[in-house]
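Computed from a predicted model, the values in this text were never measured in an experiment.
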Amino acid sequence: MSTPKENPMSWKYCGDQLKRWRTKAGVTREQLAKEACYDIESVRSMEAGRRRPSLKLLQTADELCDAKGMLLGAADYLAPEKFPSYSQGYTHAEADAIAIHSYAALLIPGLLQTEEYARELTSHACPPLDDDSVEARVAGRMQRQEKLSNSPRVLFGFVIYEAALRARVSSADLMKRQLAHIIDVSRLRNVAIQVLPADRAAYPALTGPITLLETADHEQLAYVEGHRTGVLHSDPDRVNVLRQRHGMIRMQALSVEESAEFIGKVSEEL
């Protein structure tokens, strides 16, 4: 189960409405729990917003309380978020960006991940996500990737550290398909993919990933992400520092042609 931080207000509001409708209709928590086949503590947690109210509970409560769809209508607003709360500012900016340049240190960039690679990572999140949240996160990542082919005038530049190519996610076969996908995407005219070999890493590359964005109004943004945290910078001084670091990393990377060959060799070694 996701933590309440993922959807705090929707869970609490829906739970509160559920309790109000139940009280107004004269339905006890015990009656609702019995009809919905839940224990009382589960119902109490959903009404308090500590747990996401389930579709089954909403359907049962709607019938018992004669809410005529008013409670059931909340189900659409309780769907798991496609993106973690800390990254939503970035994903909104990414959707409108006219240029995106990123450096990935340990994982294949989200915009280049295959669905099976993304699902493998997301399904092994810590703490674990429920199945609905996993599917929502994977769907969100695949939706983001539509920008690559649907926005040919948007420029994409990726620098991938060698460690991200060699980090075994699931099986060798999965990784071979992932690396082949990267090469396929690199053939798009608006995409440049470079590899930073481990034996020539610029020191700034060792401090973590960086993503640079340019908005339609030519505002420069920079995004950095860590364990369950992400910061989207707009302050010119901070952005400039990260742009300088990204520039040093890119200068050390292989050319686009050399990178495609390098990725092919890594795949052969799997």
Side-chain angles (χ1 to χ4, degrees), residues 81-114 117-118 137 139-162 164-165 181-196 201-260 263:
E81 293 286 348
K82 292 182 178 180
F83 310 105
S85 57
Y86 62 80
S87 69
Q88 290 178 8
Y90 168 76
T91 54
H92 290 150
E94 179 189 79
D96 297 327
I98 61 171
I100 301 171
H101 296 278
S102 73
Y103 163 66
L106 297 175
L107 294 171
I108 304 300
L111 289 172
L112 298 179
Q113 292 178 7
T114 62
Y117 182 101
R137 297 283 176 86
R141 196 160 300 179
M142 296 301 103
Q143 182 180 354
R144 287 172 55 209
Q145 294 181 9
E146 295 175 3
K147 189 178 180 76
L148 287 165
S149 55
N150 294 345
S151 305
R153 295 179 64 85
V154 175
L155 297 178
F156 296 87
F158 301 95
V159 179
I160 307 173
Y161 188 43
E162 181 180 345
L165 303 175
H181 176 68
I182 294 175
I183 294 175
D184 287 341
V185 175
S186 71
R187 297 189 178 103
L188 296 174
R189 289 181 296 174
N190 59 327
V191 176
I193 298 177
Q194 297 174 261
V195 172
L196 179 65
Y203 291 140
L206 303 178
T207 60
I210 301 171
T211 300
L212 305 173
L213 303 174
E214 181 179 353
T215 71
D217 296 326
H218 304 295
E219 181 184 10
Q220 304 296 320
L221 305 173
Y223 179 69
V224 291
E225 189 173 89
H227 286 273
R228 295 185 63 81
T229 185
V231 181
L232 183 65
H233 295 287
S234 60
D235 176 73
D237 290 337
R238 291 180 179 271
V239 173
N240 186 54
V241 169
L242 293 170
R243 290 182 67 85
Q244 289 182 34
R245 292 182 180 181
H246 183 273
M248 289 189 65
I249 293 169
R250 192 171 183 180
M251 284 191 294
Q252 294 291 324
L254 300 175
S255 69
V256 171
E257 294 77 16
E258 292 170 332
S259 296
I263 294 171

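Between the Y223 side chain and the A93 main chain, no donor and acceptor come within less than 3.5 Å of each other. Checking side-chain atoms of S87 against main-chain N and O of P84 turns up a donor-acceptor pair under 3.5 Å. Distance alone, capped at 3.5 Å, is enough to place a donor-acceptor pair between the D235 side chain and the D237 backbone. No donor-acceptor pair closer than 3.5 Å links the side chain of K147 to the backbone N or O of L111. Here the side chain of N190 pairs a donor or acceptor atom with the backbone of L148 at under 3.5 angstrom. In this structure, Y103 contributes its side chain and A205 its backbone to a donor-acceptor pair below 3.5 Å. Between the side chain of Q113 and the backbone N or O of I108 there is at least one donor-acceptor pair closer than 3.5 Å. For Q145 (side chain) and G110 (main-chain N/O), a donor-acceptor pair under 3.5 Å exists by modelled atom type. Between the side chain of S259 and the backbone N or O of V195 there is at least one donor-acceptor pair closer than 3.5 Å.
Enclosure of atom CZ in R141 by more than 12 non-hydrogen atoms of other residues, nucleotides or ligands within 6.0 angstrom is indicated.
Between atom CG of residue L206 and atom OH of residue Y161 there is a gap of 5.5 Å, rounded to the nearest 0.5 Å. Annotation: the span from L232 atom CG to E225 atom CD amounts to 11.5 Å, rounded to 0.5 Å. In this structure, the separation between CD1 on I98 and OG1 on T215 is 6.5 Å, given to the nearest 0.5 Å.
Of the candidates Q220, E219, H101, Q220 is the only one forming a side-chain contact (heavy atoms from CB on, under 4.5 Å) with E214.
Contact of the I263 side chain with the I160 side chain is not registered, since no non-hydrogen atoms from C-beta on lie closer than 4.5 Å. Considering only heavy atoms from C-beta on, D96 stays 4.5 Å or farther from H92 through its side chain.
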